[in-house]
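Chain A is the first sequence line, chain B the second, and so forth, proteins listed ahead of strands; every chain is numbered from 1. When reading the values below, keep in mind they use all heavy atoms of this one structure, side chains included, and skip hydrogens, waters and symmetry mates.
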Protein chains: 2
Amino acid sequence: MTSRRTFLHAAALTGAAATISPNVLLAATAPKKEKLGVALVGLGYYSTDLLAPALQKTKNCYLAGIVTGTPAKAEKWKKQYNIPDKNIYSYQTFDQIANNPDIDVVYVVLPPSMHEEYVIRAAKAGKHVWVEKPMAVTAKECQNMIDACTKNKRVLTVGYRLHHEPNTQEYVKVLRDGKIGKVLMVNCAAGYYDARTDHWKQKKEMGGGVMYDMGVYVLQGARLATGEEPIAVTAQQFTSRPEVYKNGLDETSMIQLVFPSGARASLQTSYGMNMNYLHVTGSKGTLRMEPYSAYNGQAGDWNGNKIQHPYEVPWQQTKQMDDDAEAILNNKPVLVGGEEGLRDIKIVEAVYQAARTGREVKIT
Amino acid sequence: MTSRRTFLHAAALTGAAATISPNVLLAATAPKKEKLGVALVGLGYYSTDLLAPALQKTKNCYLAGIVTGTPAKAEKWKKQYNIPDKNIYSYQTFDQIANNPDIDVVYVVLPPSMHEEYVIRAAKAGKHVWVEKPMAVTAKECQNMIDACTKNKRVLTVGYRLHHEPNTQEYVKVLRDGKIGKVLMVNCAAGYYDARTDHWKQKKEMGGGVMYDMGVYVLQGARLATGEEPIAVTAQQFTSRPEVYKNGLDETSMIQLVFPSGARASLQTSYGMNMNYLHVTGSKGTLRMEPYSAYNGQAGDWNGNKIQHPYEVPWQQTKQMDDDAEAILNNKPVLVGGEEGLRDIKIVEAVYQAARTGREVKIT
């Protein structure tokens with residue numbers, strides 16, 4: 001199946017064209033700058049170890065401010081990155097960011113359960129919004145976030161770093177160009193052993209469960225490989241640590257997707273084991289990536305041809321933020337708008353329903 | 001889980017010991033020979049291109065006779081392999097094989113629906129029996145075949161060539177030795193594009209359907225990798241050629257297995273696409289084989305260590321028949337007795353039930 005949407009999606013990934021986000025066309029109302037000032041909301045591991053270092057390397061944006069509930073973190077970051085006091089916010093003072101011309105973009109790096117609130121508050125404050133994956137906990141929240149950004153004429157992007165990544169872009173182009181024929185079966189696995197027991201990833205009320213966090217990688221693997229949206233899902237969920245993963249929280253999910261073309265996907269994601277690969281069976285060959293969603297080191301092959309674009313961490317995050325800032329600065333379409341994140345969360349909801357009921361669930 | 005049976009099974013594969021088949025201990029009643037005479041029943045592709053050439057290379061057995069319903073084939077084989085007229089049977093004269101001391105073993109290479117009848121007739125004729133995979137269409141048929149061989153004090157083996165194969169034996173040993181830790185997830189796929197439309201593989205009444213033919217390879221992959229028997233299964237079946245695969249016949253099956261230890265397997269098998277790999281995720285690493293069930297060329301790695309024992313076709317079939325003949329000649333346990341084939345057919349029946357009902361099926 002090669003629908004117009006599918007074509008556009010593939011084209012966006014391969015740099016030839018781009019999907020149209022309704023937010024993007026509104027970006028022209030932002031004042032023209034050389035570089036966008038970014039405020040990170042939530043200073044956990046990902047902000048500390050990946051995004052802040054990446055923002056020291058970006059060309060189109062820079063670390064302008066922070067939002068944190070921990071004064072000690074504020075002090076540390078202020079010194080380390082030379083952030084002026086006026087650009088440091090707590091969650092209580094966050095809405096005053098509306099009056100700060102240094103901040104053009106708010107990057108929400110909070111637990112998933114807090115995404116909706118802070119994306120909407122940021123949009124209302126007149127800021128463009130980048131939000132980490134998973135976009136939110138429910139499709140309804142995702143839609144509210146999209147609507148808030150549209151209403152406030154702000155750009156919304158989701159932190160799907162792999163869309164900006166050359167190994168991913170190459171394997172998608174290989175598949176979309178038909179190099180291995182028609183895509184028939186996708187196998188994709190992404191997991192790691194998470195020894196933690198009280199992180200948000202292990203808390204249902206904070207948006208925990210592996211399907212949200214690592215699960216979106218395997219859904220993305222299947223959607224990017226096929227260039228299609230799944231129409232039905234069966235799923236199985238289980239845990240080897242019931243004392244940690246309880247109240248319906250999944251440590252491991254196994255997912256089977258049905259696509260309109262007849263292609264199928266078999267996906268696994270886990271907090272209980274280390275695995276990371278993509279294996280695509282086509283009518284004229286095979287494409288493999290392993291690892292396929294790491295921060296670097298991706299490697300693969302198709303019909304004897306290698307795919308390997310090496311780089312150092314945090315190149316992916318640097319590229320993602322530069323791409324997104326460049327799109328905003330030049331009023332161009334973004335690679336990953338809110339609709340893309342919403343699609344995955346719709347599937348995540350269907351996966352949980354399928355696992356709970358033990359029945360196939362249609363995805364509309 | 002390391003049950004005694006599991007240990008024995010692994011040990012058999014790694015050459016240290018062997019499973020005990022109830023038939024085997026009875027083999028002492030056969031007259032002692034240097035080489036066993038084998039009669040092939042059914043002269044299709046597998047007999048013609050693999051088994052007959054292999055029987056020219058075996059040390060412990062040789063091609064002594066044939067059973068065919070096609071006079072032209074009888075004439076061709078007779079000349080090509082110098083088979084005496086008295087060792088050539090039709091399906092009508094087959095039972096007279098009881099009086100032929102040249103024939104020690106009957107190798108049944110017929111469509112699966114005919115296995116039960118010819119295995120039982122061969123056992124009643126006082127011959128040891130080798131039967132191609134899948135062992136039969138139903139578990140009941142498998143049990144009848146086992147019972148007939150036991151009653152007639154004949155050895156029964158199933159043509160699972162991979163149990164005799166050094167790459168398989170090495171990966172099983174690596175896993176059983178705990179080299180990648182506890183086995184947590186098995187991904188295994190085996191399929192090829194079958195362009196035929198009226199072979200027995202496309203006929204339900206002859207034991208067709210991919211789950212029987214290629215499906216037992218992925219079940220074997222999961223059972224060998226875990227060393228366990230599955231306790232529950234979910235499955236999805238579909239076809240891209242409904243005009244060929246009809247009346248409940250599967251072109252492609254996707255299977256998810258639950259094992260007692262908590263390990264899981266995700267398996268795919270198909271007549272609609274070419275795929276062949278095994279991917280095992282352990283608590284301390286990963287093992288991969290690709291291809292894993294071909295007639296030669298198997299290759300793999302685990303935690304950076306290579307697995308690769310090269311050989312030429314039909315080495316596997318030669319080794320399998322030599323192993324089985326040697327066990328019979330020396331009254332030793334066989335590597336793959338009837339019980340091993342029966343276990344897979346029990347799972348195949350559960351897979352069809354799970355796919356038909358859309359529900360998890362317990363395997364007892």
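Here the OG1-CD distance, from B:Thr234 to A:Glu360, works out to 12.0 Å after rounding to the nearest 0.5 Å. Going from atom OH of A:Tyr193 over to atom OG1 of B:Thr281 covers 15.0 Å, rounded to the nearest 0.5 Å. For the atom pair B:Gln256 CD and A:Gln236 CD, the distance stands at 4.5 Å (nearest 0.5 Å). The line from OG of B:Ser270 to CG of A:Leu184 is 7.5 Å long, rounded to the nearest 0.5 Å. Rounding to the nearest 0.5 Å places OH of B:Tyr277 at 3.0 Å from CG of A:Asn187. In this structure, the separation between CE on A:Met185 and CG on B:Asn274 is 12.5 Å, given to the nearest 0.5 Å.
Taking chain B as the reference chain and counting heavy-atom pairs below 4.5 Å, the highest number among A:Arg359, A:Lys284, A:Arg264 is found for A:Arg264. Of the listed residues A:Arg288, A:His279, A:Gln268, the one with more heavy-atom pairs under 4.5 angstrom with chain B than any other is A:His279.
By the neighbour-count criterion of 12 heavy atoms within 6.0 Å, atom CD of A:Glu243 is densely surrounded, having more than that number from other residues, nucleotides or ligands.
In this structure, no portion of A:Ala354 lies under 4.5 Å from any heavy atom of chain B. Neither the backbone nor the side chain of A:Thr239 comes within contact range of chain B; no heavy atom of the residue lies under 4.5 Å from a heavy atom of that chain. Neither the backbone nor the side chain of A:Ser240 comes within less than 4.5 Å of any heavy atom of chain B.
For the residue pair A:Met254 and B:Ser266, the shortest heavy atom distance occurs at CE-CB, 3.8 Å.
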